[in-house]
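Lettering follows sequence order; numbering is per chain, from 1. We use all heavy atoms of the structure for the numbers below, so side chains are in, but hydrogens, waters and symmetry mates are not.
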Amino acid sequence: MKEFFGNIYTWFESLFGKELSEHLWGYECETGTYLTNLYNQVGVMTLIISLLVAILFYYIINHPRFNRWWSWVIVLFINGLVNMLYAYQFVLSDFRAGKISDCLMYIRNEKSGEVVSQLIEEGNCLMFGYTNFIVATLFFIIISFIVKWKSPNAKHAPFL
Amino acid sequence: MSKLFIFGIGGTGARVMRSFTMLLAAGVDLGVETVVPVLIDRDLSNADLIRTKSLIDNYIEISKEVPKPSKTLKNKFFSTKIELVNNNLCLELVDNSQIFSDYIHRDTMTKANKALTDVLFSKDAQSMDMTQGFQGVPNIGSVVLNQFDENEAFNNFAAKFHEGDKIFIISSIFGGTGASGFPLLLKTLRASKPQLNNWGYINNAPVGAISVLPYFGVSKTDDKNSRVDSDTFVDKAKAALSYYKTLDKQIDTLYYIGDNVRPIYDHFKGGKEQQNTANFVELAAAMSIIDFTNNFTIKRVNNEIIQTTYKEFGLSLSDKLDSNGNKLINIGKDITFDDLGKETRTIIRNPLVQFITFRNYLKNVFPKEYKHQPWSHSYLWQKETGYSPNFLEQPKMKLFVEFQEKFYSWMIEMNEQERRFAPFKLKPSEYRGADFIRNSGNVKKGTFHYKHWAWIDDQLNKTAGKIPADLSKEAQFVELFYRVTQSFVNELIIE
Amino acid sequence: MKKTYITLFLPIIILLFSACGRGKSHQTNAPSNDSTQVAITEKTAKPDINFYIENSGSMLGYINGVTEFEQILYNYLTDIEISQVANSLNLFYINEQTFRQPYDLKKYIGDVEPNSFASKNGTSDISDILANILSVTNDSTLSIFVSDCIFSPGKGISADKYLVNQQIEVKTNTANYLNKNKLAITIYQFNSKFNGRYYNRVDAPTTINDVRPFYVWILGNPKHVAELQRQIPDSKFIGEGVQHKASLSSVTDEIKYSILPTSGNFKLDKINPLHIIEAQKSTGNRSDKNKFTFIINADFSPYSLDKEYLHNANNYTIDNRDYSISLSDSRQNGYTTSIKLTTEQLQPTSIGVNLLINMPQWVNDMNDEEGLDIMQEGAMAKTFGIKYLIGGLYDAFTQKSNIYTTLKVNIDTK
């Protein structure tokens, strides 16, 4: 269960890179151990956001005119977008604050210690955002099918 | 289990009966469970009569399908039962002779009698074809209608009558059939007929009546055979009224109604073409029936009427403002719910709003929304269980929808009169969404979380699951809409 | 209705939160806290440092005039003082006896003159001196010993026999000490100008003015020895600096090592990150196609070994013949060495990489077997019998085991 979210995200690891993935697993080069599993933080937050968005759609908006399949798709998309931005900001702030462990971040010259190449760029953070778009979409679909049934006006979405 | 027997005499009787049926369909509280209408006309081809007959036939069919109010069911649409005497709405007068002189067997009269007849009835009158009624000639009508008590239908009527039942008579005072028929009918009901079952109950039954004073005119005609002339309506009414004085204490409540704003209808002697558009006066007259059943107070001693109650109808005109906010003089030619007296409004507003809402939804919204709303549409894999336009095409529902369209036409007709009863915006171009009740100040502001029809759909979706599933699909449908339209009117301000 | 849903989801959410919460605490607790505690005890218990310079006659050539010998030692002592690595710093000259010197670095070595340096001109037996120094070295006392490390058997003694005996003696002394104490020894070899008399193995003097090797030994508790070298790394020695280095340690504590998760086609077990899971051979067109590779970063600093040693594959063994090894400096802070292991025969296994205790090759290279003619080719840069001296130490340290440590890694394939 502890690795539940990480396992989901690593399905898409090739999108955002193994280095960023190891950072999110919580790898610390200094100790060679996994400390705080950031996948859990992102995953739980994404799950909560998706749940809230689903509840928003099915129970708060709950609109007889916004209950079409395309309404659901719009909300699905917005949820993906919100979670994408969230995840992008999440890793970008670590990236900018230098919280990513050195061995994951750089290849250094053996002798001088100078950076030879950088393994994680902002582009990887953006790709992780995209990944979270996909994951959030998966979550939203699953949550939709769990919460939709008691929605007065939108219980059929996305089928109608 | 009490019944109300309504006798509608002549064209006006049929038209008032039409309005009354509309009110029953909309679910107006009558205070009795069953209505037994009897339309009396010599003119059985009268289009007004045929229209009302077909309407009542529809009503009876629909009424069998809809849920009746109970502990678990709320529906009042079509909930008052309509029964017919011998399955026949119209009281047929025996003898099929169509020419008045034949009817009175003038040919077999002695010469003296013939002479007397010629004094009483003009030649034109004597040769009149009565197939089309008495064409506003009351003295002929009175002679023919005298045979009420000989009629077989009366036996059937008597057999149906039980203790506690009430009688109401609708007639016009300015025409032929009604003016003469009403006193005769009353006389018959009051007469002693010990040979008939239950006749004692009939003798003692509370009797109400409405006498409709002139409220329309007819255009001039070149047809010299026609005896219908609206110039004579007032004179005829005056003459009849002076005679009606003698009816005092023979009747419990007598209603009068009339209108000095009179639309001119095309001139027809009657028959297939005599189908006058609905008038607010007829609706008001129909409301007298409701007043009679709901507000009846006995003023009798030993079954003798000690005082007849006379009632008239009036409007309570509201202030009208022009676009600049200046007060306008309201001459009552554009009647909305605001212009009705409180009692009237209490009786008819909610039912009419509910019924027109139901109709407008099915007409304007249902075809677009049925696919999308949980209440009407099940999941893709359950297509057959939902409601669809196809469902409305099924015989029972089709009848219902047709009735709604008749109701709508009836509202349109009243809407287009010179004194118009126009509580609703009726043409789809005139309103947006569910905002079709005129004087929108009637709607509580901020009440509706969803705008317009979406609010109704929301209610339908929330209510659908609460409808008892053991009802037929049609009954569930009607019950659902009754409940939702009721929630809708409950959101309107009632003063 | 909404309420029921919230209550339905609450446990799931709580479960998720608590799961990651547990993860955190579990993972952060164990290793880091221990290491900080160790660091604290190390720092609080600074050793007394006894600094010994051999002052036998053969040493005088090193202090004649301005020499690297003086500069290196003076600088070293200054660094020890500045770095505050010592609780106290005591200065001695040593031959058959020890002579405590007043705490005056300048006088002690800075511009020491032959008169004051060799105040009592005794002879020196290296193994005796070593035994002497070891006898006062303990967990709170670290010894630094400076000498030319030339055996002096004297006349009429068989050199071969003498050297072997010396080696045995050194081994015995050291082994005895090791039986009771933890010990680390680091030997630096420096070069210095030498202007004076060189005594050969039969004590026949030759006056030379050339460059000669000398040695600085650090002996003490392994933690102190490592800490001293951490504070004053090899690079701090001035001049031409450290020529060679040999280190021995009886450290048995597990040293720090980890697998670089991005070094190959595999994942690490998150609880035990020394366990490779889902290992796969590389695909694609690179040179490592069809091979499985991973990198271990290890911190061998407790052993105070130099790069030359650590980068020599001969100093390692792998208990799995399928794997080949390649070594480089670690690119990561906190680690000394990057060990790249490669195989074409990937299967679930466990691997042990052993770092061997081998006497460095330079010791053999520095050894002058004859010790007679300093003017012989190559003899000037060599030390008579140094192989036997240091060899005795290695014999002592490898008595029980010839490996410093074993790095264990488990591999599971996908």
query = Any sub-3.5 Å donor-acceptor pair from K256(C)'s side-chain atoms to E30(A)'s backbone N or O?
reply =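 The answer is yes, because a donor-acceptor pair under 3.5 Å joins these two groups.
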request  = Answer yes or no: is there a donor N or O on one side and an acceptor on the other, between the side chain of Y34(A) and the main chain of N272(C), under 3.5 Å?
outcome  = no
List the atom pairs, with distances to 0.1 Å, where a side-chain N or O of residues 407-414 of chain C and a protein N or O form a donor-acceptor pair under 3.5 Å, not counting sequence neighbours.
from	atom 1	to	atom 2	distance (Å)
D412(C)	OD2	H275(C)	NE2	2.7

ask   = Where does L119(A) contact chain C at under 4.5 Å (heavy atoms): side chain, backbone, both or neither?
value = neither
ask   = Measuring heavy-atom distances to chain C, does E114(A) have an atom under 4.5 Å in its side chain, in its backbone, in both, or in neither?
value = neither
Determine whether more than 12 heavy atoms belonging to other residues, nucleotides or ligands lie under 6.0 Å from atom [atom1] of [X].
{"X": "K281(C)", "atom1": "NZ", "value": "yes"}
{"X": "E240(C)", "atom1": "CD", "value": "no"}
{"X": "F77(A)", "atom1": "CZ", "value": "no"}
{"X": "F12(A)", "atom1": "CZ", "value": "yes"}

ask   = Given P261(C), which of E22(A), E19(A), H23(A) fulfils the side-chain contact (heavy atoms from CB on, under 4.5 Å) condition?
value =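 With P261(C) as partner, E22(A), E19(A), H23(A) yield a single side-chain contact (heavy atoms from CB on, under 4.5 Å), made by E22(A).
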How many angstroms lie between [atom1] in [X] and [atom2] in [Y], if you round to the nearest 0.5 Å?
{"X": "S330(C)", "Y": "R108(A)", "atom1": "OG", "atom2": "CZ", "value": "11.0 Å"}
{"X": "N297(C)", "Y": "C103(A)", "atom1": "CG", "atom2": "SG", "value": "7.0 Å"}
{"X": "S21(A)", "Y": "K267(C)", "atom1": "OG", "atom2": "NZ", "value": "7.0 Å"}

remark   = G32(A) and P273(C) have their tightest heavy-atom pair at O-CG, 3.3 Å
Residue part contacting chain A, namely of Y257(C), when any heavy atom lies under 4.5 Å = neither
task = Give the member of S338(C), G334(C), S328(C) that has the highest number of heavy-atom pairs under 4.5 Å with chain A.
result =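 Maximum pair count with chain A is reached by S328(C).
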ask   = chain A: which of D299(C), D329(C), T262(C) shares the most heavy-atom pairs with it under 4.5 Å?
value = T262(C)
key: Residue pair Y27(A), L268(C): steps toward the side-chain contact (heavy atoms from CB on, under 4.5 Å) verdict   = CA-CA 10 Å; Y27(A) 189 78; L268(C) 295 180; 4.1 Å; yes
request  = Start with the C-alpha distance between E3(A) and K270(C), add both sets of side-chain angles, then the distance that settles side-chain contact (heavy atoms from CB on, under 4.5 Å), and finish with yes or no.
outcome  = CA-CA 8 Å; E3(A) 294 173 22; K270(C) 304 300 179 285; 3.5 Å; yes
task = Measure the shortest side-chain to side-chain distance between Q332(C) and D102(A) over non-hydrogen atoms and say whether it is less than 4.5 angstrom.
result = no
